[in-house]
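Notes for the one structure printed next.
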Amino acid sequence: MVTRLSQLFLRTLREDPVDAEVASHRLLVRAGYIRRAAPGIYTWLPLGLSVLRKVEAVIREEMANIGAQEVHFPALLPREPYEATNRWTEYGEGLFRLQDRKGADYLLAPTHEEMFTLLVKDLYSSYKDLPLSLYQIQNKYRDEARPRAGLLRGREFIMKDSYSFDVDDAGLDASYAAHRGAYLRIFERLGLEVIPVTATAGAMGGSKSEEFLHPTDIGEDTFVRSAGGYAANVEAVTTVAPAEIDFTGAPAAEVLDTPDTPTIDTLVAASNVLAPRSDADGGAWTAADTLKNVVLAVTLPTGERQLVVIGVPGDRAVDLKRVEANIGSFLPIGGEIGLEAANDDDLKKQPLIVKGYLGPGLSLDEPLLGAESTTKLLYLVDPRVVRGTAWITGANEAGKHVFGLVAGRDFTWDGVIECTEVREGDPAPDGSGPLETARGIEMGHIFQLGRKYAEALELKVLDQNGKQVTVTMGSYGVGVTRAVAALAESNHDARGLVWPRAVAPADVHVVAVGKGEEIFATAERLAADLEAAGLDVLLDDRPKVSPGVKFGDAELVGVPTILAVGRGLVDGVVEIKDRRSGDAENVAVDKAVDYVVNAVRTS
C-alpha cells in the first residue's frame, strides 16, 4: 500500500509537548502518532494505529501458536462478578465506577479474570473440555492518581490478557510454560529486550509469578540481577538471613540515658561515648548495630487506617513498595492499599509510642507498645533480626535506649517481612553472586492464579471419575500500548524515531525532494513499483514543502529505509538511507526497487 503524505491525516510538530516527561511521549506526539485527549488518555492517529496493529498481529500469531483462542469482552461490566471476588472493594480508588440511569452499578474493567471465569463456567463442564486458553486484546481502565510518561502510565490502555484453564496443577504448569515461551518469542520478534524476573503475586494471588521487564533508566520498576543468572523484582527478593545465635550467657540488657538522640546517627555517636566497644568485641558501634522501629500507616481498601511497626537494622531504609507487596499475609488486605509513614496525628492516637525512642513490643520485663491493652500494634521485623542477635534500640521512654536487647529472649515479633531496600552488592538468595540493581518497564506479567477465582465463582468440572473438581487457572498479560511506547523509548535518536522494521508504519519512506515534474513522477513510479513488490510505502508527495522539512519529517517519523528522489536524478541515481545507521548510498534508479526489497528482506 502507498500512503501519501499529501493526503495522510498528519501534522508533525517542531516543539515538544509541554507535559512530556520522556522521549517516547515527546516523539510519538511530535511525529503524529498520538494526541492527548485528557490526562492519561490518548487518541491514536493513522501512523500510530499502524504500529499498534503490527504489535497486535505479532501477539495474535504467537497466541495462536500455543493454541489460545481469541474472544472479546465489553469494557463496561456489571458490579456483581467483581463483588463475588471482593474486588469491587479491594481495587479501592483505582477502579472507575459508574451507574446507569436506573442506578445499577458498573465499572470500566481494569482486568477481566471474573468475566473469563464465568464464560468458561457457562459453557464447559467436563475435564474433556480442558485444557483451554482464551485471550483478548482489549481496552483497560485504571484511575491512576498521576498519569505520566505518555502511554507508559495511562488511565486508558490496551492490554492482551489471556487465561488458562486446567483440571490439575500439572496442567497449569504446562500452560504457564507455554505462555512464558510465547512471551519470549513476542518480545524477540518485536525487537524489544526483556528480562524475565521473579515477582510477587500481590492482589492477584497465586503460587508463582514472573514479570517481563524492559531495562531502561526511565522504568518505574526496580529489579536486581546477578552474574550467575538470578533476576527478580525488588519486591520479590528474599533476604539472606544470618544464622541464629545461641544467647545462653549473653549479658542482660541495660537501659541507659541517651538524651537528644532521636536519630540513628545521634544514637550511634552517643553509644560510642556511653558504652564504647572494644575491638575484640566488634569495634565501634555502627548503624547496623541499632534496631530502628518504623511506624507505618496502612489504609485498607475499606478506608480503615491501621498502624504497623516494623523493626529493621538502623543502616537499612524501609522500602514501601516491598512492604506493600509483602504485608498482605499479616493484614486483611486482599486489594490495593495506601501505605505511608505514620504522621503526627497517627502517633497522637497511640500514646505509648515515644517518637525517636520507640522499641520493640516487649522490652525487658515491662509490657510496652500496648502489649496489655486493646490497642496492641502489629510488630514485624526484617529477616536480619533473628534469634540471638543483640541490638541497641529505643526503650519506649524519652531520652532512653536499651543496649544488648536480645531478639527471642527480650522481645518477640508477630512476623517476619521483606521490607528493606535492596542494595548493590547484597548476596543473591540463590548464591549466584552479588546483586546489581537496574530499572525497567513492566511489559508483561504472568501468574499461576490457582483456584482463587474459580473457587469464588464456583468454576468446576467433572473429572475422569465423575467427581466435581475446581478448575485451576493462569493469568497472562502483555501491555500492548505500553509496548509501542517502550519501542519508541528504546528506538530513537536526536532527530526522531527509529522503528524496528517489524513494527514500522511502512517499509520505506519515499521522499520527492525538489520542484521538477520528473522528480515527482519518478518518486510516484518507484513508490508504485515498491508497492507491487509487496512493501508498505510512505510517499512524501507534498508540493511546495522544502527539502529540509521533508527530510526532517522523514527522520522524525522513523521509517527504517528512506529513499530520496532529488538532484541526483540528473545522474540517474537516487539516495537510499538506512535510518538507524545513517548510512546513505546513491543507487541507480532502475536498481532502486531491488535494493530496497533486498534491504527489507535481509533486515
Side-chain angles (χ1 to χ4, degrees), residues 1 3 22-25 27-29 31-35 41-66 68-72 75 111 135-140 149-154 156-162 179-196 211-216 218-219 440-446 476-492 496-507 509 535-536 538 557-560 579-580 600 603:
M1 183 180 69
T3 301
V22 297
S24 58
H25 188 187
L27 293 172
L28 288 171
V29 172
Y33 285 78
I34 60 173
R35 293 290 289 177
I41 304 172
Y42 291 87
T43 300
W44 287 81
L45 305 182
L47 287 180
L49 276 177
S50 177
V51 174
L52 182 66
R53 297 302 177 231
K54 290 186 177 183
V55 172
E56 291 177 349
V58 170
I59 292 171
R60 285 189 168 95
E61 288 173 12
E62 293 301 336
M63 287 295 98
N65 286 340
I66 62 170
Q69 301 174 64
E70 185 172 7
V71 297
H72 191 84
T111 183
Y135 79 97
Q136 68 169 345
I137 297 176
Q138 167 65 298
N139 285 22
K140 310 288 186 180
L151 300 177
L152 290 174
R153 195 167 186 87
E156 179 187 66
F157 54 94
I158 299 172
M159 189 170 80
K160 188 286 299 178
D161 52 331
S162 55
H179 276 83
R180 189 181 192 277
Y183 276 32
L184 292 174
R185 291 189 294 274
I186 286 169
F187 295 123
E188 181 180 9
R189 288 180 59 185
L190 293 177
L192 192 62
E193 179 191 5
V194 295
I195 299 175
E211 290 179 347
F212 294 78
L213 298 180
H214 170 58
T216 172
I218 68 158
I441 299 169
E442 181 185 336
M443 303 309 308
H445 205 156
I446 58 179
Y476 319 90
V478 167
V480 182
T481 46
R482 181 172 284 192
V484 174
L487 285 165
E489 198 67 44
S490 58
N491 291 276
H492 71 272
L497 297 162
V498 189
W499 292 111
R501 197 170 290 282
V503 299
D507 295 303
H509 190 153
L535 304 187
D536 288 336
L538 192 61
V557 167
V559 171
R579 176 67 184 88
R580 185 172 297 276
V600 170
S603 61

Original post:
What residues, two or more places apart in sequence or in another chain, satisfy side chain to side chain contact (heavy atoms under 4.5 Å, CB included) together with Leu184?
Top reply: Arg180, Pro196, Phe212

**OP:** Return the set of residues passing side-chain hydrogen bond (donor to acceptor under 3.5 Å, both in side chains) with Glu156 (not counting sequence neighbours), or none when no residue passes.
**Re:** Asn139, Tyr141

Original post:
side-chain hydrogen bond (donor to acceptor under 3.5 Å, both in side chains) with Lys140: which residues, sequence neighbours excluded?
Top reply: His112, Asp161

Original post:
Is the backbone N or O of Gly477 less than 3.5 Å from a side-chain atom of Tyr183, with the two atoms forming a donor-acceptor pair by type?
Top reply: yes

Subject >> Minimum heavy-atom distance between Ala31 and Leu47, given as atom pair plus value >> reply: O-CD1, 4.0 Å

Original post:
Are Asp536 and Arg501 within salt-bridge range, i.e. N to O under 4.0 Å?
Top reply: no

**OP:** Supply the atom-to-atom distance Leu49 CG to Lys54 NZ, rounded to the nearest 0.5 angstrom.
**Re:** 12.5 Å

**OP:** Verify side-chain hydrogen bond (donor to acceptor under 3.5 Å, both in side chains) between Glu489 and His492, making sure each step is shown before the conclusion.
**Re:** CA-CA 7 Å; Glu489 198 67 44; His492 71 272; 5.2 Å; no

**OP:** Just jot down the side-chain hydrogen bond (donor to acceptor under 3.5 Å, both in side chains) partners of Ser162, sequence neighbours excluded, or say none.
**Re:** Lys160, His179

**OP:** Begin from the C-alpha positions of Leu151 and Arg482 and carry the test side chain to side chain contact (heavy atoms under 4.5 Å, CB included) through to its verdict.
**Re:** CA-CA 6 Å; Leu151 300 177; Arg482 181 172 284 192; over 6 Å; no

**OP:** Kindly write out the residues that satisfy side chain to side chain contact (heavy atoms under 4.5 Å, CB included) with Ala502, not counting sequence neighbours, or none if the list is empty.
**Re:** none

Original post:
What residues, two or more places apart in sequence or in another chain, satisfy salt bridge (Lys or Arg N to Asp or Glu O under 4.0 Å) together with Arg579?
Top reply: Asp493

Original post:
Less than 4.5 Å apart, any side-chain heavy atom of Val29 and any of Ile34?
Top reply: yes

**OP:** List in chain and number order the residues that pass salt bridge (Lys or Arg N to Asp or Glu O under 4.0 Å) with Arg153, two or more places apart in sequence or in another chain; answer none if no residue qualifies.
**Re:** Glu144, Glu220

**OP:** Walk me through it: do Trp44 and Thr481 pass the test side chain to side chain contact (heavy atoms under 4.5 Å, CB included)?
**Re:** CA-CA 10 Å; Trp44 287 81; Thr481 46; 3.4 Å; yes

Original post:
By salt bridge (Lys or Arg N to Asp or Glu O under 4.0 Å), which residues pair with Arg580, not counting sequence neighbours?
Top reply: none

Original post:
In chain order, what residues pass the side chain to side chain contact (heavy atoms under 4.5 Å, CB included) check against Arg185, with sequence neighbours excluded?
Top reply: Glu62, Ile66, Ala182

Subject >> Student check: side-chain heavy atoms of Val51 and Trp499 closer than 4.5 Å >> reply: yes

Original post:
Can you name the salt bridge (Lys or Arg N to Asp or Glu O under 4.0 Å) partners of Glu188, sequence neighbours left out?
Top reply: none

Original post:
How about Ile59 and Val480: do any of their side-chain heavy atoms sit closer than 4.5 Å?
Top reply: yes

Original post:
Looking at side-chain heavy atoms only, is the closest gap between Leu190 and Val55 below 4.5 Å?
Top reply: yes

Original post:
Does the side chain of Leu538 reach to within under 4.5 Å of the side chain of Pro505, using non-hydrogen atoms?
Top reply: no

**OP:** Go through the structure and list residues passing side chain to side chain contact (heavy atoms under 4.5 Å, CB included) with Glu61, not counting sequence neighbours.
**Re:** Arg189

Subject >> Heavy-atom side-chain proximity of Glu56 to Ile158 below 4.5 angstrom >> reply: yes

Subject >> Stepwise side chain to side chain contact (heavy atoms under 4.5 Å, CB included) test for Ile441 and Met443 >> reply: CA-CA 6 Å; Ile441 299 169; Met443 303 309 308; 3.7 Å; yes

**OP:** May I ask you to test the Pro500-Leu487 pair for a side-chain heavy-atom distance under 4.5 Å?
**Re:** yes

Subject >> Smallest separation among heavy atoms of Ala504 and Pro560, with atom names >> reply: CB-CD, 3.4 Å

**OP:** Would you name the heavy atoms of Ala486 and Leu152 that are closest together and state the gap between them?
**Re:** N-CD2, 4.3 Å

**OP:** Could you tell me whether a side-chain N or O of Tyr33 sits under 3.5 Å from a main-chain N or O of Leu27, the two making a donor and an acceptor?
**Re:** no

Original post:
Which atom pair, heavy atoms only, marks the closest approach of Phe187 to Gly444?
Top reply: CZ-N, 4.4 Å

Original post:
Do the non-hydrogen side-chain atoms of His25 and Tyr42 ever get within less than 4.5 Å of each other?
Top reply: yes

**OP:** Identify the heavy atoms of Ser24 and Ala485 that sit nearest to each other, and give their distance.
**Re:** CB-O, 3.3 Å

Subject >> From CA spacing to verdict: side chain to side chain contact (heavy atoms under 4.5 Å, CB included), Met63, Glu70 >> reply: CA-CA 9 Å; Met63 287 295 98; Glu70 185 172 7; over 6 Å; no

Subject >> All side-chain hydrogen bond (donor to acceptor under 3.5 Å, both in side chains) counterparts of Arg35, not counting sequence neighbours >> reply: none

**OP:** Could you tell me the separation between the CZ atom of Arg60 and the CD1 atom of Ile186, rounded to the nearest 0.5 Å?
**Re:** 11.5 Å

